[in-house]
Amino acid sequence: MTINAPAATFPPQVHLVTVDVLRAMRGISADAIQASVESGAMRFVWNISTGKRILEQRFWLKEIVNPASVARLALSEAIAIILGEHRSQWRGVEVAQLLMVSRPQIHRLRKCKALPGKVTGNTLWIQRAALEKFLTERWQKSL
């Protein structure tokens with residue numbers, strides 16, 4: 001049975017998506033997606049898990065929708081586009097939205113020192129440099 005649905009649209013602040021979103025968009029299995037990652041067909045993939053043996057991948061929506069538009073970009077350029085030009089820090093809840101994770105997951109990443117931040121009042125603040133470092137270190141150039 002085929003379900004006819006309109007093409008997915010995303011708000012402009014959505015940059016990274018989960019494997020489940022990618023599966024739904026492309027209609028392919030998680031194994032096929034993993035094969036694309038391992039072959040290098042998908043370049044901009046990050047593992048944002050707190051454990052070394054767990055894959056919690058995030059895929060760049062721009063690469064999914066229009067691979068040719070990002071084919072020549074370096075990692076630093078991709079990260080600059082994802083983070084935008086003008087932000088120097090983000091609230092923890094904003095980082096959770098960016099990475100498509102829960103707020104507790106952001107605090108777990110902070111606790112394991114993968115994503116450092118500072119709590120002021122009741123708000124976790126994460127600096128741009130910390131996000132850039134996190135995305136650089138978590139980039140899955142090859143598995």
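Below, all heavy atoms of this structure are taken into account, side chains as well, without hydrogens, waters or symmetry copies.
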> Mind checking what makes side chain to side chain contact (heavy atoms under 4.5 Å, CB included) contact with Ser39, not counting sequence neighbours?
Replying inline: Ala41
> Are Trp125 and Val101 connected in the hydrophobic side-chain network, where two residues link if heavy atoms are under 4.5 Å apart?
Replying inline: no
>> Let me confirm one number: the CD-CZ distance from Glu63 to Arg43, rounded to the nearest 0.5 Å.
In response: 7.0 Å
>> Counting C-beta onward and ignoring hydrogens, is there a side-chain heavy-atom pair between Gln140 and Trp46 closer than 4.5 Å?
In response: no
> Going through the distances and angles, do Leu55 and Val19 end up as a side-chain contact (heavy atoms from CB on, under 4.5 Å)?
Replying inline: CA-CA 10 Å; Leu55 277 180; Val19 69; over 6 Å; no
>> For residues 92-101, which residue pairs pass the side-chain hydrogen bond (donor to acceptor under 3.5 Å, both in side chains) check, not counting sequence neighbours?
In response: Arg87-Glu94
>> Do Val70 and Ile79 sit in one hydrophobic cluster, given that two such residues count as connected whenever their side-chain heavy atoms are within less than 4.5 Å of each other, even indirectly?
In response: yes
>> Hydrophobic cluster membership, with links at side-chain heavy-atom distances under 4.5 Å among I/L/V/M/F/W/Y: are Ile82 and Met100 in one?
In response: no
> Who are the side-chain hydrogen bond (donor to acceptor under 3.5 Å, both in side chains) partners of Ser36, not counting sequence neighbours?
Replying inline: none
> Does Arg26 have any salt bridge (Lys or Arg N to Asp or Glu O under 4.0 Å) partners at least two apart in sequence or in another chain, and if so, which?
Replying inline: none
>> Which residues pass the ring pair (Phe, Tyr, Trp, His ring centres under 6.0 Å) test with Trp90, not counting sequence neighbours?
In response: none
> So, for Leu75 and Trp139, which heavy atoms are closest and what is the spacing to 0.1 Å?
Replying inline: CD2-CE3, 3.3 Å
> What residues form a ring pair (Phe, Tyr, Trp, His ring centres under 6.0 Å) with Phe44, not counting sequence neighbours?
Replying inline: Trp60
>> Donor-acceptor check, side chain of Arg138 to backbone of Ser49, threshold 3.5 angstrom: yes or no?
In response: yes
>> Holding to side chain to side chain contact (heavy atoms under 4.5 Å, CB included), I want the full list of residues that pass it with Gln127, two or more places apart in sequence or in another chain.
In response: Gln89
Under 3.5 Å, side-chain donor or acceptor atoms of residues 114-122 against the rest of the protein: list the pairs with distances, not counting sequence neighbours.
none

>> Are the side chains of Leu22 and Gln57 in contact, using a 4.5 Å heavy-atom criterion?
In response: no
> Any salt bridge (charged side-chain N to carboxylate O under 4.0 Å, His left out) pairs touching residues 128-137, not counting sequence neighbours?
Replying inline: Arg128-Glu132, Lys133-Glu137
>> If I compare all heavy atoms of Ile64 with all of Met25, which pair ends up nearest, and what's the gap?
In response: CG2-CE, 3.8 Å
>> For Ala32, give me all partners under side chain to side chain contact (heavy atoms under 4.5 Å, CB included), at least two apart in sequence or on another chain.
In response: Ile28, Ser29
> Got a sec, which pairs hit side-chain hydrogen bond (donor to acceptor under 3.5 Å, both in side chains) with one end in residues 71-81, sequence neighbours left out?
Replying inline: none
>> I need the minimum non-hydrogen distance between Leu109 and Ile48, along with the two atoms involved.
In response: CD2-O, 3.5 Å
>> With a 4.5 Å cut-off on side-chain heavy atoms, are Arg110 and Val95 touching?
In response: no
>> With side-chain contact (heavy atoms from CB on, under 4.5 Å) as the criterion, how do Phe59 and Val21 come out once you've worked through the C-alpha distance, each side chain's angles and the decisive distance to 0.1 Å?
In response: CA-CA 9 Å; Phe59 301 84; Val21 170; over 6 Å; no
>> What I'd like to find out is whether the side chain of Phe134 reaches to under 4.5 Å of the side chain of Leu99, using heavy atoms alone.
In response: yes
>> Please list all pairs meeting side-chain hydrogen bond (donor to acceptor under 3.5 Å, both in side chains) that have one or both residues in residues 99-109, counting only residues at least two apart or in different chains.
In response: Gln105-Arg108
> Donor-acceptor pair, Arg58 side chain versus Leu98 backbone, under 3.5 Å?
Replying inline: no
